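Everything below concerns the one structure shown next.
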Amino acid sequence: MGTNQITPNDIKFDEKYGPLINGEIVEAAGGYIYAVNASTGEVLAQIGRGGEADVDKAVKAARAAYPDWANTLIEARSAMLNKVADVLEENAERLKMIESMDTGRAIHEFDLDYQLAIYQFRYFAGAVLTHYDGESRPVENGYLMTQKEPLGVCAQIIPWNVPMIMTAFKLAPALAAGNTVVLKPAEDACLSVMEFGKLLSEVLPKGVVNMVPGNGDEAGQALIDHPDIDKLAFTGSVGVGRLIGKTAGERILPVTLELGGKAPHIVFPDVDIDSAVENATLGYTFFNGESCILGTRLLVHDDIYDEFVEKLIERAKKVKIGPPTDRSTRLASIINKRQGERVLDYFDIARKEGAKILYGGNRVTVEGHEHGYFIEPTIIEAEANMRIAQEEIFGPAATVTRWSEVDEVVKMANDVEYGLAAGIMTDNLQNGLQVANRIEAGSVWINSYFNFQSGAPFGGYKNSGVGREYSKEALDAYSQSKTIVAAYNRPPLGTFE
Ligand code: NDP
């Protein structure tokens with residue numbers, strides 16, 4: 001992968017992407033909204049403005065497809081998921097270009113996104129084959145058996161930052177476990193997902209995956225409110241996550257939530273500073289800074305702080321800002337004006353609370369892409385308890401804060417409402433592992449940020465969410481266990497007297 005010969009001019013969009021129901025794109029009941037190129041503002045296509053009527057059709061299609069899909073042999077489901085991975089791989093270069101245009105993110109980053117997404121389908125194609133090893137044993141006067149069963153129709157809502165990773169994280173375990181799905185992609189980034197949906201229709205039985213594009217408070221709300229769904233899965237902000245958790249609580253539905261993050265990245269004094277700066281820069285700028293896993297709270301040991309920060313600034317100056325679809329670009333356009341303004345507002349908040357912007361902090365213009373919000377890599381010296389070091393910014397910015405004692409840095413690292421990811425850089429693995437053990441986060445990467453390994457559980461502590469994805473644990477989140485106990489005889493007469 002990564003030899004993208006496709007240019008934006010090669011991409012042909014459909015005029016309209018209504019909901020995908022029963023394997024076909026159909027007319028949207030409530031009309032359409034525009035999908036625009038994040039950096040140029042050009043209208044790329046129209047997407048359905050999903051609402052109750054579309055959601056109802058999609059849920060009905062998923063419900064009708066459910067019994068056959070649930071009863072499909074796991075070997076056959078596994079084979080189909082491998083085929084989904086093949087189809088995604090075959091179409092990856094085109095989909096990456098679509099996603100880059102739609103989200104504004106730099107095209108080269110999508111090599112990682114699509115590698116992770118393809119692995120997801122292959123991983124769950126394999127994992128499901130060993131998931132059904134329920135228990136079976138003789139008990140007094142009979143036999144006991146346990147088995148895993150799917151949940152039914154799953155409602156899945158994903159955000160705009162990494163659309164194909166999110167689609168794969170949600171679909172692969174749900175389908176592997178035998179569920180059918182209604183997926184709502186984010187209104188700002190659904191074109192690659194809808195195109196993928198069309199490809200899925202060539203591989204999966206009709207109705208197994210349905211998609212309803214549209215606004216969160218319309219299509220999303222209608223989906224979580226639909227009376228005939230059996231599971232809620234969401235990735236996005238803590239605010240909407242709470243709403244979905246509340247709905248799940250009221251309706252006694254199982255729920256998986258992957259919410260925000262504000263990851264500490266701890267730098268010990270024993271590191272080679274140049275390589276640590278490189279890893280730190282990757283850790284706060286990748287995904288355009290728009291990700292919940294970024295290492296945006298750099299906690300740097302006092303002994304090397306000045307040199308580290310100086311080199312971090314020099315490195316930031318060299319990060320190439322440019323058009324999203326240019327392969328040499330490393331930082332491109334934020335998804336939309338609202339999010340761009342939100343990031344810039346955070347820099348004002350930082351200034352007001354006494355933090356110091358050491359580098360960056362500005363929007364820059366890229367010729368031909370004046371619509372886009374391109375924001376400089378931004379380094380802010382801050383106290384660990386300031387808002388800028390506590391709240392999710394979702395832009396290419398990191399705070400730097402000094403520490404001198406291990407207990408102090410562990411406290412700083414954990415003193416935040418989130419707990420999704422963390423990084424540690426040290427040449428002393430004993431330090432690294434001992435600190436990793438004390439960090440309240442679902443993933444801790446020592447010396448190499450974003451070190452995703454297939455099958456490793458991914459999810460959050462604290463306000464970063466509930467449940468784990470990317471791993472076998474996700475199959476459990478999309479299954480329920482049944483115990484069957486068979487007695488050889490009924491109790492003898494008189495047992496109840
Ligand atoms: P949201 O949480 O609003 O959006 C995530 C998804 O939920 C989207 O598909 C959205 O639809 C949908 N949604 C919104 N409201 C509802 C609702 N009432 N019922 C059901 N679904 C709903 O995130 P934002 O896009 O507003 O981003 C705001 C902030 O959230 C970011 O700055 C960032 O801090 C955080 N975030 C975290 C992410 C993560 O990966 N953990 C990902 C994205 C954002 P639609 O967008 O179509 O309106």
Side-chain angles (χ1 to χ4, degrees), residues 17 19 33-35 38 47-52 54-55 102-103 105 113 155-167 169-170 182-191 193-194 211-226 229 232-248 255-263 287-294 296 334-346 373 375 387-388 390-397 417-421 442-443 458-460 462-467 469-470:
Y17 294 85
I33 46 183
Y34 291 117
I47 58 164
R49 182 175 171 174
E52 275 177 38
D54 306 288
V55 164
D102 206 10
T103 62
R105 280 180 49 215
D113 287 47
Q156 303 184 321
I157 297 177
I158 59 171
W160 43 261
N161 56 339
V162 286
M164 197 54 71
I165 295 182
M166 286 297 117
T167 302
F169 270 39
K170 295 285 178 281
V182 178
L183 178 92
K184 194 207 86 69
E187 103 203 51
D188 285 313
C190 70
L191 295 177
V193 180
M194 297 306 297
M211 295 178 176
V212 183
N215 298 318
D217 55 1
E218 296 173 347
Q221 190 71 46
L223 182 55
I224 64 173
D225 287 344
H226 196 284
I229 52 173
L232 293 171
F234 170 78
T235 298
S237 62
V238 177
V240 178
R242 282 208 171 95
L243 185 85
I244 288 174
K246 203 168 153 199
T247 304
V255 63
T256 304
L257 300 174
E258 200 268 272
L259 309 176
K262 187 78 179 178
F287 300 115
N288 227 18
E290 298 165 299
S291 165
C292 45
I293 57 172
L294 294 172
T296 53
I334 296 289
I335 187 83
N336 58 26
K337 182 171 191 277
R338 183 169 64 100
Q339 185 64 23
E341 294 290 346
R342 185 174 181 268
V343 174
L344 295 172
D345 283 350
Y346 262 110
Y373 271 71
I375 294 177
R387 279 184 67 190
I388 193 72
Q390 289 282 324
E391 297 176 17
E392 192 169 55
I393 301 172
F394 245 57
E417 69 170 295
Y418 299 109
L420 190 59
S443 298
F458 175 75
K462 304 190 279 190
N463 283 357
S464 288
V466 176
E469 300 187 297
Y470 201 53

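Since we're looking at a predicted model, the values are computed, not measured. Counting starts at 1 for both ligands and their atoms, in listed order.
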Query raised in the report: What are the atoms of ligand 1, with element, lying closer than 4.0 Å to any heavy atom of E258?
Result: 41 (N)
Query raised in the report: Any side-chain heavy atom of M194 within less than 4.5 Å of one from I47?
Result: no
Report task. Search all heavy atoms of L257 against all heavy atoms of G241 and return the closest pair with its distance. Result -> CD1-O, 3.7 Å
Report task. Considering heavy atoms of the protein only, find what lies nearest to atom 2 (O) of ligand 1 and give residue, atom and distance to 0.1 Å. Result -> S237 OG, 2.6 Å
Query - N/O separation below 3.5 Å, N215 to ligand 1 - result: no
Query raised in the report: Can T235 and K170 be counted as having a side-chain donor-acceptor contact under 3.5 angstrom?
Result: yes
Please list, one pair per line, the donor and acceptor atoms closer than 3.5 Å that link side chains of residues 182-191 to other protein atoms, with sequence neighbours excluded.
| unit_1 | atom_1 | unit_2 | atom_2 | d |
| --- | --- | --- | --- | --- |
| K184 | NZ | G214 | O | 2.9 |
| D188 | OD2 | N336 | ND2 | 3.0 |

Query raised in the report: Can you tell me the protein heavy atom closest to atom 38 (C) of ligand 1 and the distance?
Result: F394 CZ, 3.5 Å
Report task. Could you list the atoms of ligand 1 found under 4.0 angstrom from a heavy atom of W160? Result -> 24 (P), 25 (O), 27 (O)
Query - Subset of ligand 1 atoms that lie under 4.0 Å from at least one heavy atom of I158 - result: 6 (C), 8 (C), 9 (O)
Query raised in the report: How about P163 and T103: do any of their side-chain heavy atoms sit closer than 4.5 Å?
Result: yes
Query raised in the report: Do N463 and E417 have side-chain N/O donor and acceptor atoms under 3.5 Å apart?
Result: yes
**Report entry** R338 and ligand 1 - part of the residue with a heavy-atom distance under 4.0 Å
**Finding:** side chain
Query raised in the report: Is G216 in polar range of ligand 1, meaning some N or O pair under 3.5 Å apart?
Result: yes
Query raised in the report: Looking at ligand 1, does N161 have a heavy atom less than 4.0 Å from it?
Result: yes
Query - Among F458, F169, F234, side chain to side chain contact (heavy atoms under 4.5 Å, CB included) partner for E258 - result: F458
Requested in this report: Output the list of atoms in ligand 1 that are nearer than 4.0 Å to some heavy atom of Q339, sorted by atom number.
Outcome: 31 (C), 32 (O)
Result block: side-chain N/O donor-acceptor pairs under 3.5 angstrom for residues 215-225, not counting sequence neighbours:
| unit_1 | atom_1 | unit_2 | atom_2 | d |
| --- | --- | --- | --- | --- |
| N215 | ND2 | E218 | OE1 | 3.1 |
| E218 | OE1 | R49 | NE | 2.8 |
| E218 | OE2 | R49 | NE | 3.4 |
| E218 | OE2 | R49 | NH2 | 2.5 |
| Q221 | NE2 | D225 | OD2 | 3.3 |

**Report entry** Within-cut-off N or O pair, G236 and ligand 1, under 3.5 Å
**Finding:** yes
**Report entry** Side chain to side chain, F394 and L294, heavy atoms closer than 4.5 Å
**Finding:** no
Report summary line: Honestly, for R342 the part within reach of ligand 1 (heavy atoms, under 4.0 Å) is side chain
Query raised in the report: Just checking, is any N or O donor in the side chain of E392 or Y418 under 3.5 Å from an acceptor N or O on the other one?
Result: no
Query - More than 12 heavy atoms from other groups under 6.0 Å of CD on E52 - result: no
Query - Minimum side-chain heavy-atom gap I335-N161 below 4.5 Å - result: no
Query raised in the report: Side chain, backbone, both or neither: which part of L259 comes within less than 4.0 Å of ligand 1 when only heavy atoms are counted?
Result: backbone
Query raised in the report: What atoms of ligand 1 come within less than 4.0 Å of a heavy atom belonging to P159?
Result: 42 (C), 43 (C)
Report summary line: atom 35 (C) of ligand 1 has as its nearest protein heavy atom E392 OE1, 3.3 Å
Query raised in the report: Considering all heavy atoms of both residues, which atom of V212 and which atom of G50 are nearest to each other, and what is their separation?
Result: CG1-CA, 3.9 Å
Report summary line: Nearest non-hydrogen protein atom to atom 7 (O) of ligand 1, with distance, is F234 CE1, 3.2 Å
Query raised in the report: To which protein heavy atom is atom 40 (O) of ligand 1 closest, and what is the distance rounded to 0.1 Å?
Result: C292 SG, 3.3 Å
Query raised in the report: Any idea which atoms of ligand 1 are less than 4.0 Å away from a heavy-atom of L243?
Result: 17 (C), 18 (N)
Query raised in the report: Are any of the protein's heavy atoms under 4.0 angstrom from atom 4 (O) of ligand 1, yes or no?
Result: no
**Report entry** Enumerated ligand 1 atoms positioned under 4.0 Å from heavy atoms of G214
**Finding:** 47 (O)
Query raised in the report: How far is atom 20 (C) of ligand 1 from its nearest protein heavy atom, and which residue and atom name does that atom have?
Result: G220 C, 3.3 Å
Requested in this report: Provide the number and element of each atom of ligand 1 under 4.0 Å from a heavy atom of Q221.
Outcome: 17 (C), 18 (N), 19 (N), 20 (C)
